[in-house]
There are 2 protein chains.
Amino acid sequence: MSDLLERLRGRGWRMTSQRRVVAEVLDGDHVHLTADDVHARAAQRLPEISRATVYNTLGELVSLGEVIEVSTDGRAKRYDPNAHRPHQHLVCSNCGTIRDVHPAGNPLADLPAEERFGFAVSEVTVTYRGLCPSCA
Amino acid sequence: MSDLLERLRGRGWRMTSQRRVVAEVLDGDHVHLTADDVHARAAQRLPEISRATVYNTLGELVSLGEVIEVSTDGRAKRYDPNAHRPHQHLVCSNCGTIRDVHPAGNPLADLPAEERFGFAVSEVTVTYRGLCPSCA
DNA sequence: TCCTACAATGGACAGAGTCCAAGTCAAGAA
DNA sequence: TTCTTGACTTGGACTCTGTCCATTGTAGGA
């Protein structure tokens, strides 16, 4: 993620301590934090950071394509920094833990034309559910 | 859906006018109403029905397996009465319209064991997105 | 160093959903 | 048919997630 800051700067993103902290919190693999999680972790380093700033920054990272927004259930959206390698998600139906997974096959090709109802289909998301090892 | 009421009665469901109206509103193919939609339509026939009752009844229908809860975006959940024939969803990224679709293939089989992280995977939901004919 | 446009703040607000105490009623019993 | 009772409904308060906006602050170029 260290080069994320560089990429953002290169795109003319104005660098502030708040944005830096949010970007740093979203570092690593299998990271799927809610906005509130991000706010809590960011506030450990920058206690006065506001919720609105966290939401704004997450929204910008999403529209820049650096972070993916994941809504697996009807609850809070999660933010996934693994935006540069296509993947799907595996969710524990009990505790909500999320893992990134890379299934074989191409689900887009599995949808026959007569099942497309004239839609210009451009995207597929696949969500696997089951019990994680700790919950099983 | 006419036999839904029979099935529910057979399961010992106490039949009230509110429950009957909610079940009747959820009738048909390609029906994907929000709880608020259901409440609005139910209220046309039974003006004094409360939001809490609609939520309670929808929740019961879901746990009885008669209705599927669909959360396609971060917005309101939708309720799909087509629970007895497995299917996936095709969503318009512009207007949110939903269609039931029946893709070929078996996405569960596409997830290799080494990508399951020890989860007992039991379910897959596939959501196709694109522009519907009216929005394209 | 100074400016200024862009960013952060925090508090109000909105939408979706849950909870609860009190009142109502479906359906079995007599 | 009427009675009884536990299940159901109500509406209002509440929570959670997210958005909006006027005000204040500041990064970074001149």
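Keep in mind that what you see is a predicted model, and the values were worked out from it rather than measured. Chain A is the first sequence line, chain B the second, and so forth, proteins listed ahead of strands; every chain is numbered from 1.
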>> Under 3.5 Å, is there a donor on one side chain and an acceptor on the other for B/Asp37 and B/Thr34?
In response: yes
>> Could you check whether B/Asp80 and B/His30, counting side-chain N and O atoms only, form a donor-acceptor pair closer than 3.5 Å?
In response: no
Taking atom [atom2] of [N] as reference, at what distance in whole Å does atom [atom1] of [X] sit?
X: B/Glu48; N: C/dG23; atom1: CD; atom2: P; answer: 18 Å
X: B/Arg20; N: D/dT9; atom1: CZ; atom2: P; answer: 11 Å
X: B/Trp13; N: D/dG6; atom1: CH2; atom2: C1'; answer: 17 Å
X: B/Arg19; N: D/dA7; atom1: CZ; atom2: P; answer: 11 Å
X: B/His39; N: C/dG17; atom1: NE2; atom2: C1'; answer: 13 Å
X: B/Asp37; N: C/dG17; atom1: CG; atom2: P; answer: 11 Å
X: B/Met15; N: C/dG28; atom1: CE; atom2: P; answer: 12 Å
X: B/Leu46; N: D/dC8; atom1: CG; atom2: P; answer: 16 Å

>> At 4.0 Å (heavy atoms only), tell me whether A/Thr53 reaches a base, stays on the sugar-phosphate, or touches nothing.
In response: base
> From the list D/dG28, C/dA8, D/dT10, which nucleotide is the closest neighbour of the side chain of B/Ser50?
Replying inline: D/dT10
> Is the distance from OP1 or OP2 of C/dC25 to the nearest side-chain N or O of B/Gln18 less than 4.0 Å?
Replying inline: no
> Below 4.0 angstrom from OP1 or OP2 of D/dT9, is there any side-chain N or O of B/Thr16?
Replying inline: yes
> Any sub-3.5 Å donor-acceptor pair from B/Arg116's side-chain atoms to B/Leu111's backbone N or O?
Replying inline: yes
> Short question: side chain of A/Arg20, backbone of A/Met15 - any donor-acceptor pair under 3.5 Å?
Replying inline: no
> Does some side-chain heavy atom of B/Trp13 sit less than 4.5 Å from a side-chain heavy atom of B/Thr57?
Replying inline: yes
>> I'd like to compare against my own output: the B/S/- annotation of nucleotides 14-26 of chain D with a strict under-4.0 Å heavy-atom distance to protein.
In response: ---SBBB----BB
> Under the salt bridge (charged side-chain N to carboxylate O under 4.0 Å, His left out) criterion, do B/Glu24 and B/Arg41 qualify, and how do the steps go?
Replying inline: CA-CA 10 Å; B/Glu24 284 169 0; B/Arg41 299 193 185 197; over 6 Å; no
>> Checking A/Asn56 against A/Leu58 for the side chain to side chain contact (heavy atoms under 4.5 Å, CB included) test, could you report, in this order, the C-alpha distance in whole Å, the side-chain angles of both residues, the deciding distance, and whether it holds?
In response: CA-CA 6 Å; A/Asn56 287 342; A/Leu58 289 172; over 6 Å; no
